[in-house]
Amino acid sequence: VVYSAVTDPVAAKLVKTWDASGTNVTGVSDLSPLAKHLELIKKVAPNAKRVGVIYSPGEANSVAIVEALKKEVAKAGLTLVEAAAARTVDVASAAQSLVGKADVIYAPTDNNVMSAFEGIVKVAQQAKLPVVAADTDAVKRGAVAALGLNYYDLGRQTGKVVVRILKGEAAGQIPSQVSSTFELHVNPAAAQKQGVTLSDELLKTAKVVVK
């Protein structure tokens with residue numbers, strides 16, 4: 001079994017450790033670079049102190065991200081404000097609950113959140129709350145910025161693991177992998193609607209600038 005784009009394979013109980021599992025399972029994670037995401041948040045909204053995160057409490061990947069995020073925000077001198085959305089229909093109201101409590105909204109790689117992302121954007125525009133995402137696809141849907149994986153590249157990385165197994169390596173002897181390549185996408189028009197202006201420096205470092 002070769003998994004792909006599972007954020008935390010240990011939390012998802014696919015493997016017991018990130019090292020070689022010794023079982024018939026290995027794969028490639030789409031684990032987000034949370035420290036880098038918080039750096040991006042500071043660049044988008046330099047005065048932000050409170051980061052609101054919307055996530056699905058029933059999604060193991062999302063719960064793992066929030067737990068890791070708690071540690072990272074403390075290191076970055078920020079505060080985390082959680083807003084749980086158990087169902088897709090709860091996402092917009094979760095975003096609304098962050099108004100007045102958070103200075104910026106962080107959207108992780110959560111299936112529910114991405115399914116109802118336009119609801120977050122609507123709230124963000126009304127409240128002038130910038131949205132920073134983990135998934136670069138969210139930028140063309142209205143996020144201000146995202147630092148994320150290229151999932152095509154992640155698929156190719158997974159394919160290389162499959163090839164190794166087809167050539168005779170045991171899956172249990174191949175440690176779980178993560179991607180080390182990330183792309184910055186920005187949306188200046190969305191930034192303006194959400195009450196922030198992106199710096200020239202940030203625009204210059206972006207791989208994609210959504211017009």
Side-chain angles (χ1 to χ4, degrees), residues 5-8 11-12 30-34 36-74 76-149 151 185-198 210:
V6 175
T7 304
D8 189 335
D30 64 347
L31 186 67
S32 295
L34 297 178
K36 291 183 183 296
H37 285 172
L38 293 175
E39 287 175 16
L40 177 58
I41 284 171
K42 287 183 174 181
K43 290 175 182 175
V44 168
N47 297 322
K49 297 295 180 189
R50 304 168 298 173
V51 178
V53 60
I54 303 169
Y55 72 102
S56 171
E59 215 173 298
N61 285 344
S62 301
V63 173
I65 287 170
V66 172
E67 288 305 311
L69 201 54
K70 287 177 184 175
K71 297 173 185 175
E72 292 297 335
V73 293
L78 300 167
T79 304
L80 191 66
V81 184
E82 298 175 38
R87 303 167 300 167
T88 303
V89 294
D90 299 326
V91 171
S93 57
Q96 191 64 50
S97 75
L98 293 173
V99 176
K101 297 178 184 175
D103 304 312
V104 61
I105 295 175
Y106 174 68
T109 50
D110 178 296
N111 292 322
N112 272 355
V113 170
M114 287 300 109
S115 295
F117 192 72
E118 282 72 16
I120 298 174
V121 172
K122 187 177 179 180
V123 171
Q125 289 177 357
Q126 291 171 345
K128 301 299 180 189
L129 266 177
V131 179
V132 174
D135 188 342
T136 53
D137 283 342
V139 176
K140 59 190 175 190
R141 295 171 64 188
V144 169
L147 183 70
L149 297 161
Y151 278 88
H185 292 209
V186 296
N187 187 331
Q192 193 173 20
K193 290 176 183 176
Q194 293 166 30
V196 292
T197 302
L198 300 181
V210 176

Over all atoms of both residues, closest heavy-atom pair of Ala94 and Ala83: O-CB, 3.5 Å

query: Is Gln192 atom CD crowded by more than 12 heavy atoms from other residues, nucleotides or ligands, each under 6.0 Å away?
result: no

query: Is the shortest heavy-atom distance from the side chain of Val210 to the side chain of Val186 under 4.5 Å?
result: no

- request: Might you point out which heavy atoms bring Ser56 and Ala86 nearest each other, and give the distance in Å?
  value: OG-O, 4.1 Å

message: Just by distance, no angles: are the side chains of Thr7 and Asp30 close enough, under 3.5 Å, to form a donor-acceptor pair?
response: yes

- prompt: Is the closest basic N to carboxylate O distance between Glu39 and Lys36 below 4.0 Å?
  reply: no

task: Drop me the distance from Leu98's CG to Glu82's CD, to the nearest 0.5 angstrom.
output: 10.5 Å

- prompt: Looking only at heavy atoms, which two atoms of Thr88 and Ser115 are closest? And how far apart?
  reply: CG2-CB, 3.9 Å

Stepwise side chain to side chain contact (heavy atoms under 4.5 Å, CB included) check, Asn112 with Phe117: CA-CA 8 Å; Asn112 272 355; Phe117 192 72; over 6 Å; no

- prompt: Hey, what do you get for OG1 (Thr109) to CE (Met114), rounding to the nearest 0.5 Å?
  reply: 8.0 Å

- request: Could you tell me the separation between the CG atom of Leu149 and the CG atom of Asp137, rounded to the nearest 0.5 Å?
  value: 11.0 Å

query: What's the spacing between Asp135 CG and Tyr151 OH if we round to 0.5 Å?
result: 5.5 Å

message: Quick check: do Val104 and Val44 have side-chain heavy atoms less than 4.5 Å from each other?
response: no

- prompt: Charged N to carboxylate O under 4.0 angstrom, Arg50 versus Asp103?
  reply: yes

query: Between atom OG of Ser62 and atom CD1 of Ile54, what is the distance when rounded to the nearest 0.5 Å?
result: 11.5 Å

message: Can you tell me which residue among Leu129, Val132, Val121, Asn187 is in a side-chain contact (heavy atoms from CB on, under 4.5 Å) with Gln194?
response: Val121

Residue pair Ala64 / Ala11: nearest heavy atoms and the distance that separates them: CB-CB, 4.1 Å

- prompt: Going from CD on Glu118 to NZ on Lys122, what distance comes out if it is rounded to the nearest 0.5 angstrom?
  reply: 11.5 Å

query: Between His37 and Ser32, what is the shortest heavy-atom contact and its length?
result: CE1-CB, 3.6 Å

- request: Kindly determine whether Val73 and Thr79 satisfy side chain to side chain contact (heavy atoms under 4.5 Å, CB included), including the steps that lead there.
  value: CA-CA 6 Å; Val73 293; Thr79 304; over 6 Å; no

Option among Leu38, Leu78, Leu80 that satisfies the side-chain contact (heavy atoms from CB on, under 4.5 Å) test with Glu72: Leu38

field: Over all atoms of both residues, closest heavy-atom pair of Ala124 and Val131
entry: CB-CG2, 3.4 Å

query: Just wondering, do Val144 and Leu198 contact through their side chains at under 4.5 Å, heavy atoms?
result: yes

